[in-house]
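When a residue number appears, it is its place in the shown sequence, counting from 1. Side chains included, hydrogens not; waters and symmetry mates left out as well; all remaining heavy atoms used. Whatever order the structure lists them in is the order used to number ligands and atoms, beginning at 1.
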Amino acid sequence: MRLDKFLCDNHIGSRSEVKTLIKKGLITVNNQVAKDPGMNIDGSKDSVFYKGAPVQSEAIDSCVYALYKPTGYVCSKEEKDGIPVFELLPENIRESFSSIGRLDKDTTGLLLFTNDGELLHLLISPRRHVDKTYIVSCEKEITEEDCVKLSDGVNLGDGEVSLPAKCELNQANSKVISITIHEGKYHQIKRMMKATCNKVTALHRISFGNLSIESLSLKEKEGRFLNESEIELLKSSPERKV
Ligand code: URA
């Protein structure tokens, strides 16, 4: 099949748009920059990438995309409550990838996506969760006593109690705390802070399992595919049985 047709069929753009992308050197075929829109490719054998993203993502096992989520985007494919965060993903993976857990519309930080159902289950199954660390800014000062309560587990309402968490007060700002949780209950951090009569004003996830925004060198709104060793690192994140 012609390369430009293959790209159109995979929703990279219209025939003239993909020609421009090829001209700009943004398409590679088997790690070589493609120059000819009419070149012949075999979609089942050749690996075609657009800006570093595989064009036929479904055909690739265990693909993980990491995004530094900005505020204002919702973890949903529908536009009901805000702009879907999937709009920040390369167009060709929007349909086939799911987010690994969710972040609230006003939460920023590391959000992962995958097309690997097994990996998704491994990382967010309700019984086994990996560590997630948040930097939590609050309306009021957080006391040592609050920190102990949050570490031990607090009543989240509806009879739910949070599991022990790792909490560290920020020495420079008494309204900021870092919390590492091993579960992923709905609005968990906000409900934990509410249980100490406080309110979250900003929530930022710095890490998910063994991966962090810093180690992946992501800037706000930026995303990229993980390489094989990063995927292995993610898979080997310590799990807590919940
Ligand atoms: N806890 C929350 O309250 N919100 C998030 O987005 C993530 C964890």
Worksheet item: Does some side-chain heavy atom of Phe208 sit less than 4.5 Å from a side-chain heavy atom of Leu234?
Response: yes

Item to complete: Please report the C-alpha distance between Met192 and Ile181 in whole Å, then the side-chain angles of each, then the deciding distance to 0.1 Å, and finally whether the side-chain contact (heavy atoms from CB on, under 4.5 Å) criterion is met.
Response: CA-CA 11 Å; Met192 285 171 75; Ile181 53 173; 3.9 Å; yes

Practice prompt. Test side-chain contact (heavy atoms from CB on, under 4.5 Å) on Lys190 and Asp104 and set out the steps.
Written response: CA-CA 10 Å; Lys190 290 176 184 164; Asp104 294 337; 2.8 Å; yes

Worksheet entry | Test of proximity, Asp104 against ligand 1: N or O pairs below 3.5 Å | yes

Discussion item. Taking 4.0 angstrom as the limit and counting only heavy atoms of Gln188, give me the atoms of ligand 1 inside it, by number and element.
Written reply: 1 (N), 2 (C), 3 (O)

Item to complete: Assess whether side-chain hydrogen bond (donor to acceptor under 3.5 Å, both in side chains) is satisfied between Asn227 and Ser229, documenting all intermediate values.
Response: CA-CA 6 Å; Asn227 59 35; Ser229 62; 3.1 Å; yes

Practice prompt. Select one of side chain, backbone, both or neither to describe which atoms of Val200 lie under 4.0 Å from any atom of ligand 1, heavy atoms only.
Written response: neither

Worksheet entry | Ligand-side contact atoms (ligand 1) for residue partner Tyr134, heavy atom cut-off under 4.0 Å | 7 (C), 8 (C)

Discussion item. Would Thr107 count as being in polar contact with ligand 1, using the rule that some N or O on each side must be under 3.5 angstrom apart?
Written reply: yes

Worksheet item: Do any nitrogen or oxygen atoms of Leu103 come within less than 3.5 Å of a nitrogen or oxygen of ligand 1?
Response: no

Fill in: Nearest neighbour in protein (non-hydrogen) for atom 1 (N) of ligand 1
Ile189 N, 3.1 Å

Practice prompt. Return yes if a side-chain donor-acceptor contact under 3.5 Å exists between Thr143 and Asp146, otherwise no.
Written response: yes

Item to complete: Using a 4.5 Å cut-off on heavy atoms from C-beta on, say whether the side chain of Cys147 contacts that of Leu150.
Response: no

